[in-house]
Amino acid sequence: MAKEFSKHFDKNQEKEIYQSWEQAGFFNPDNLPDQDKRKSSFVMMLPPPNITGSLHMGHALNATCQDILVRHKRMDGYLALWVPGMDHAGIATQNVVEKKLAKEGKNRHDLGREKFVKEIWEWKEEYGQIIPNQLKTLGASCDWTRQSFTMDENYQKAVSNAFLAYQKEGFIYQGERLINWCPRCQTALSDIELEHQEEDSFLWHIKYQAKSQKSKFKNNESGYIIVATTRPETMLGDTAVAVNPRDKRYKDLIGKTVVLPLVNREIPIVADEAVDMEFGTGAVKITPAHDPLDFEIGQRQKLDTIKVINEFGKIIAPKVYAGLKIDEAREKIVKDLDQLGLLVKKESHKHNVALCYRCNSKAESLISKQWFVKMKPLAEKAIEAVEKGEIQFAPVRFKKIFLDWMHNVKDWCISRQIWWGHQLPVFVKQEKVKSQNSKIKIKESFYYGDNPPKGYIQSTDVLDTWFSSALWPFAALGWTGDKNQDKKNKDLVNFYPTTSLFTAKDILYLWVARMIFSGYFFMDKKPFSKVYIHPTVLNKEGKRMSKSLGTGVDPMDLWEKYGADATRFGLALKSGLRQQVKFSEEDYVAGRNFVTKIWNATRFIDMNLNGKVKLLSVGEIKKLKLDKDQKETLSLLFATANNVKNNINTYRFDLAINELYEFFWHHFCDKTIEENKGKMKTGDIITLQFLTFVLTNSLKMLHPFMPFVTEAAFKELTIKIDGETQPLIISSWPKF
RNA sequence: GCGCGCGUGGCUCAAUGGUAGAGCGCUACAUUCACAUUGUAGAGGUUACAAGUUCAAGUCUUGUCGCGCGCACCA
């Protein structure tokens, strides 16, 4: 039955359309028609959003680009699979739930670990589906039947087995190292979990004096050396002063000692190449326990380490300063030095401070016992693969960025002192034993695995959240690390390695690099062939969007105002291979207008069909006697189809949608329909067939970008032409 | 300090080395016509600046300036 086109298309129809796709099961490649004819699988893994969040512009752009590609591949005859899921986001989630507790006047220690973790699970049940639902609203054609979560039972097994596999290979070790510590989150952080921010501060010049007048330095009657520092409070833990061995000023002082002010400890002056003669006074105070470079120098020079700052960011000793926060201690120490006449100079100085990427607190360097993964052997394979081009980056410049990092990668600190996450499958037994000099020592023995012998207690640490994300391309397909179980997993056989990975550049090291070496280590195959790094969306002032600063744009607001297709249109226009793009609302207005145009053009042609027309194949349309302009339109359609396909495959979604817009609106609507209006109204069959052909193929090409309006328009149209036909989502991409 | 990206009409962006384009905005006109979420026409650009390569440069090279980003042990 011919049904009349409704006058408008608006976003109220979107939900119904989405449900019809999902219910038909088209997001699941197993349900796609023509299984035998389909070329091969095309697989993408959605970067799992944190359960804490709601969709931001970055997610929206990322998801839109992925959906364009997946929908295109599905139409182009692939077994297309897009696997969604969520990340438990260890520290971030723990922080959010702690904040919620704080509002109720509680903290996690009041609850205890077990109850607190339960609290997080409940929180996840309540808020964890926000982003998936928002993705559905935008039309993301993910296979929700394959959705997974990094804390699912299977996934936990995978993580545990992954750790054990590294351990077996000798890649895991525990060590007392200088690590990054967040005093607020109360956990260790890896080097790449820090953000650096420039801060206006001072460079204080402090006099370190020789022990007595007698021991005045030779050739240096002054009897002191001046060090320059940005962190005077760490001087309490100084165990040396270092100078460059080539520095003539201090040549005669090497090997001498000075007395550490305020503490009155005698410390040596040592020579080390790492000291920059140009900076400050050329003499550096060395605090191996609280500074990465000092730690390194301390190792080389065999210096003691004296811990003076604790896990809460407070001074430990000496008594005068004990309990003070870092800033307070700094102020007091500077004052005390000044009173002693030891503060020589204070000059303005800009320097970088390290901040925790989850809470923005200043991170401290502390010596702490943590678990590490040896990176060298893992990196080698990843480097080789990328150099050979087995994995390719778009834009290509990221290849070099990746390789530079990989070549200089340091061991990965994987233990975190939080409660939410995958507990290490490490069990410890402590025994008191007598050592040779008959002192009582504590001997630790470890058990790695699932069923520890009696007396062993599991480590309370959890793994870095990125440890589990690193396994995503296979663990989200159900890999567990248990060979018998994995053998039976068809998804691993059919869909691993995946094809493309789309992500933002800020997690290139945190996530992408780690998936690459993990893929090779656990699966002996690359996790994906192509990595597309989409642009960063800046606000219209060209600044980073920030929720806390209120400078962000909520994609769901755009959806409210303009609908999903218009939102996707605006996002697609701002994709491509650029590093950053500026948000502009006009793009979404243009998108909304385009939705209306598509709807109205279809409705107009449909109005004139009167059930007389069949959809013609390419072969048939070519045989029609078309006029010159019609022929030109046809060849422009063919050219557009080629260009759009090429542009999609090279991640130029911006060019693709732009060309479609030009073709459909300014060529097809403004010229072709106008020129053929007369003949169409008289019911000229050839003209109607021609217009219908160009229209339906345009709708097909537009579908990956604007799936809702095209699906709805196509449905109305084909009801008129052929009765019920297949939906656009599984129609085939135009081939000419 | 090293590295990367960007700089094109008022705004957001296109343009295999070959006549600089689009959208939005602006101006004028049109419209009982599928669409005022429309159409037609128009104004508006020494492509940041300078030098170089070339028959030809927005595009390639070098330098300068401006914006953004990444890396780094300047305490």
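Here the structure is a predicted model, which means the values were calculated and not measured. Reminder, nothing fancy here: chain letters follow the sequence lines and each chain counts from 1.
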Taking atom [atom1] in both [N] and [M], compute the distance separating them and give it to the nearest angstrom.
| N | M | atom1 | value |
| --- | --- | --- | --- |
| B:rA22 | B:rA15 | C1' | 10 Å |
| B:rC29 | B:rA43 | C1' | 15 Å |
| B:rG9 | B:rA48 | P | 8 Å |
| B:rU19 | B:rC26 | C1' | 26 Å |
| B:rG21 | B:rU16 | P | 14 Å |
| B:rC49 | B:rG42 | C1' | 32 Å |
| B:rG3 | B:rG39 | P | 50 Å |
| B:rA50 | B:rG44 | P | 23 Å |

Calculate the interatomic distance between [X] atom [atom1] and [N] atom [atom2]; express it in whole Å.
| X | N | atom1 | atom2 | value |
| --- | --- | --- | --- | --- |
| A:Asn244 | B:rC74 | CG | C1' | 13 Å |
| A:Phe569 | B:rC13 | CZ | C1' | 12 Å |
| A:Ile192 | B:rC71 | CD1 | C1' | 13 Å |
| A:Ile297 | B:rC74 | CD1 | P | 12 Å |
| A:Leu571 | B:rC13 | CG | P | 13 Å |

Which part of the nucleic acid does [X] contact within heavy-atom distance under 4.0 Å: base, sugar-phosphate only, or nothing?
| X | result |
| --- | --- |
| A:Asn352 | base |
| A:His205 | nothing |
| A:His196 | nothing |
| A:Tyr509 | sugar-phosphate |
| A:Lys597 | base |
| A:Lys681 | sugar-phosphate |
| A:Val275 | base |

Taking every non-hydrogen atom, the tightest pair across A:Arg231 and A:Lys285: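 Of all heavy-atom pairs spanning A:Arg231 and A:Lys285, the closest is O-NZ, 3.8 Å.
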Select one nucleotide: of [options], the one nearest the side-chain heavy atoms of [X].
| X | options | result |
| --- | --- | --- |
| A:Thr596 | B:rA34, B:rU37, B:rC13 | B:rU37 |
| A:Asp670 | B:rC13, B:rG39, B:rA34 | B:rG39 |
| A:Lys410 | B:rC73, B:rA34, B:rC69 | B:rC73 |

Summary of protein contacts for nucleotides 15-31 of chain B, nucleotide by nucleotide, where a base hit scores B, a sugar-phosphate-only hit scores S (4.0 Å, heavy atoms): S------SSS-------
Base versus backbone protein contacts along nucleotides 1-9 of chain B [heavy-atom cut-off under 4.0 Å; B, S, -]: ---SS----
Ring center gap for A:Phe393 and A:Phe402 short of 6.0 angstrom: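 Yes, the ring centres sit under 6.0 Å apart.
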Centroid-centroid distance, A:Tyr208 to A:Tyr224, less than 6.0 Å: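 No, they do not, as the ring centres are separated by 6.0 Å or more.
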Determine, for [X] against [Y], whether the closest basic-nitrogen to carboxylate-oxygen distance falls under 4.0 angstrom.
| X | Y | value |
| --- | --- | --- |
| A:Lys671 | A:Asp629 | no |
| A:Glu273 | A:Arg246 | yes |
| A:Arg603 | A:Glu716 | no |
| A:Asp247 | A:Lys251 | no |
| A:Lys400 | A:Asp404 | yes |
| A:Arg300 | A:Glu296 | yes |
| A:Glu674 | A:Lys677 | yes |

Short side-chain N/O contact from A:His349 to OP1 or OP2 of B:rA75, under 4.0 Å: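 Result: yes.
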Pair pattern of RNA chain B in dot-bracket, where unpaired bases get dots and | marks partners in another strand, Watson-Crick or G-U under 3.5 angstrom: (((((((..((((....[..)))).(((((.......))))).....(((((..]....))))))))))))....
Pair listing, side chain to side chain donor-acceptor pair (under 3.5 Å) test, anchored in residues 342-355 of chain A, at least two apart: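 Every pair satisfying side chain to side chain donor-acceptor pair (under 3.5 Å) with a residue in residues 342-355 of chain A: A:His205-A:Glu347.
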Side chain to side chain contact (heavy atoms under 4.5 Å, CB included) partners for A:Arg592, two or more places apart: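 So A:Arg592 forms a side chain to side chain contact (heavy atoms under 4.5 Å, CB included) with A:Tyr562, A:Ala566, A:Val589.
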Where at least one partner belongs to residues 571-591 of chain A, residue pairs that pass ring-ring contact (aromatic ring centres under 6.0 Å, His included), sequence neighbours excluded: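 Matches after skipping sequence neighbours: A:Phe583-A:Tyr588.
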Presence of donor-acceptor pair under 3.5 Å, side chain of A:Glu674 and base of B:rA34: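 Per atom types, the contact qualifies.
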